[in-house]
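Heads up: the structure comes next, in structure tokens.
Numbers here are sequence positions counted from 1. Note that the coordinates shown come from a computational prediction; the quantities given were computed from them, not determined experimentally.
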Amino acid sequence: MEQTITCINCPVGCRMTVTLSEQGAFISVTGNTCPRGAKYAQQECTLPERMITAVIPVTGRETPISVKTASPVPKKLIYDIMNELSSVRISAPVTIGQVILQDVLHTGVDIIATRNLA
């Protein structure tokens, strides 16, 4: 089985053809111009990951605070993580990098603040 994808690691945007086994295991990639493209293609076609950004309410404030995952999480968990974040409420003060939600959905990834709030 083959998939054609565009690499997003740099502005070149290589069009790559990824070959997967019938079970979905990575076999090969062509069309990439660097090793980063090959690594991206393998991950994107077998276990895609994404960073998540969101905002959550701050008690007593009209403006919410922006948060993000500390590292990428499996793409299939985005909806569940966003649902989990919908019930999170925090209080000021908050510092950039502060862990807001530890080990979200047992992924080993923390949700962290992306700005300071006094």
Side-chain angles (χ1 to χ4, degrees):
M1 168 169 64
E2 288 188 348
Q3 291 183 3
T4 301
I5 65 171
T6 302
C7 184
I8 60 170
N9 275 309
C10 75
V12 173
C14 295
R15 294 285 295 163
M16 302 179 290
T17 301
V18 181
T19 304
L20 302 173
S21 71
E22 291 298 321
Q23 295 76 29
F26 177 81
I27 296 174
S28 67
V29 60
T30 58
N32 57 300
T33 58
C34 72
R36 286 176 47 203
K39 181 179 177 184
Y40 170 77
Q42 181 174 359
Q43 179 185 356
E44 186 63 17
C45 291
T46 57
L47 181 62
E49 294 182 322
R50 299 290 186 270
M51 292 292 288
I52 296 177
T53 59
V55 294
I56 58 172
V58 178
T59 303
R61 304 285 175 104
E62 288 185 28
T63 305
I65 189 157
S66 56
V67 297
K68 69 174 189 165
T69 52
S71 59
V73 294
K75 185 178 175 182
K76 65 183 180 183
L77 294 178
I78 291 174
Y79 178 81
D80 295 331
I81 291 171
M82 292 300 289
N83 191 43
E84 184 80 9
L85 287 175
S86 71
S87 64
V88 173
R89 303 290 184 272
I90 61 169
S91 299
V94 178
T95 57
I96 192 167
Q98 177 180 332
V99 174
I100 304 301
L101 184 59
Q102 191 172 19
D103 189 22
V104 65
L105 296 182
H106 308 290
T107 59
V109 177
D110 296 335
I111 303 294
I112 59 173
T114 62
R115 67 181 183 96
N116 293 320
L117 180 64

For residues [X] and [Y], report the shortest heavy-atom separation together with the two atoms involved.
{"X": "E22", "Y": "M1", "result": "OE2-N, 4.4 Å"}
{"X": "A113", "Y": "V67", "result": "CA-CG1, 4.2 Å"}
{"X": "Y40", "Y": "T6", "result": "CE2-O, 3.7 Å"}
{"X": "A92", "Y": "A118", "result": "CB-O, 3.5 Å"}
{"X": "D110", "Y": "D103", "result": "OD1-N, 2.8 Å"}
{"X": "I90", "Y": "I100", "result": "CG2-CG2, 3.7 Å"}

[atom2] on [Y] to [atom1] on [X], rounded to 0.5 Å:
{"X": "N32", "Y": "T30", "atom1": "CG", "atom2": "OG1", "value": "7.5 Å"}
{"X": "T53", "Y": "I111", "atom1": "OG1", "atom2": "CD1", "value": "10.0 Å"}
{"X": "I81", "Y": "S86", "atom1": "CD1", "atom2": "OG", "value": "12.5 Å"}
{"X": "K68", "Y": "I52", "atom1": "NZ", "atom2": "CD1", "value": "12.5 Å"}
{"X": "M16", "Y": "T33", "atom1": "CE", "atom2": "OG1", "value": "9.0 Å"}
{"X": "L47", "Y": "K75", "atom1": "CG", "atom2": "NZ", "value": "11.5 Å"}

[X] and [Y]: same hydrophobic cluster, using ILVMFWY side-chain contacts below 4.5 Å?
{"X": "V88", "Y": "V99", "answer": "no"}
{"X": "I65", "Y": "I112", "answer": "no"}
{"X": "I8", "Y": "V18", "answer": "yes"}
{"X": "I56", "Y": "L105", "answer": "yes"}
{"X": "L20", "Y": "I27", "answer": "no"}

Could you tell me whether a side-chain N or O of [X] sits under 3.5 Å from a main-chain N or O of [Y], the two making a donor and an acceptor?
{"X": "R36", "Y": "N9", "result": "yes"}
{"X": "T114", "Y": "S66", "result": "yes"}
{"X": "S91", "Y": "T59", "result": "no"}

Determine whether T63 and V55 make a side-chain contact, defined as any pair of heavy atoms from C-beta on separated by less than 4.5 Å.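 No, side chains not in contact.
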Step by step, would you call L117 with V58 a side chain to side chain contact (heavy atoms under 4.5 Å, CB included)? CA-CA 9 Å; L117 180 64; V58 178; 3.6 Å; yes
Is the CD atom of Q43 crowded by more than 12 outside heavy atoms at less than 6.0 Å?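 Enclosed.
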How about CE on M51, more than 12 heavy atoms from neighbouring residues, nucleotides or ligands closer than 6.0 Å, or not?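 Yes, enclosed.
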